[in-house]
Amino acid sequence: MAKAKQQKRFTVSLDNDDYNTLRAIAESHRPALKLQYVVNVAVKNLLERHAARQLTFPLDD
């Protein structure tokens with residue numbers, strides 16, 4: 001992951017189901033992962049799929 005001084009911070013709102021699922025993913029690992037890390041990995045995966053033109057849904061909701 002990028003170093004903190006190279007990162008940008010922003011706020012995102014999730015519906016309760018998505019938030020709870022992300023928390024469950026983070027907490028299911030041993031040792032548990034930070035929610036911030038899980039979200040960062042999810043965003044990186046999305047960006048990698050976009051770069052490889054592998055997204056199969058429109059992002060313009």
TODO: Specify the closest pair of heavy atoms between Leu35 and Tyr19, including all atoms of both residues, with the distance to one decimal.
DONE: CD2-CE1, 3.5 Å
Task: Inter-residue atom distance Arg23.CZ - Asp18.CG, 0.5 Å rounding - done: 14.5 Å
- [ ] Rounded to the nearest 0.5 Å, what's the gap from CG on Leu33 to CG on Asn40? Could you check?
- [x] 12.0 Å
Task: For the student: nearest non-hydrogen atoms of Val38 and Ala26, plus distance - done: CG2-CB, 3.6 Å
Task: Crowding at CD, Gln36 (>12 non-hydrogen neighbours, <6.0 Å) - done: no
Task: Residues in side-chain contact (heavy atoms from CB on, under 4.5 Å) contact with Asn16, at least two apart in sequence or another chain - done: Asn20
Task: Partner set under side-chain contact (heavy atoms from CB on, under 4.5 Å) for Asn45, not counting sequence neighbours - done: Val41, Glu48
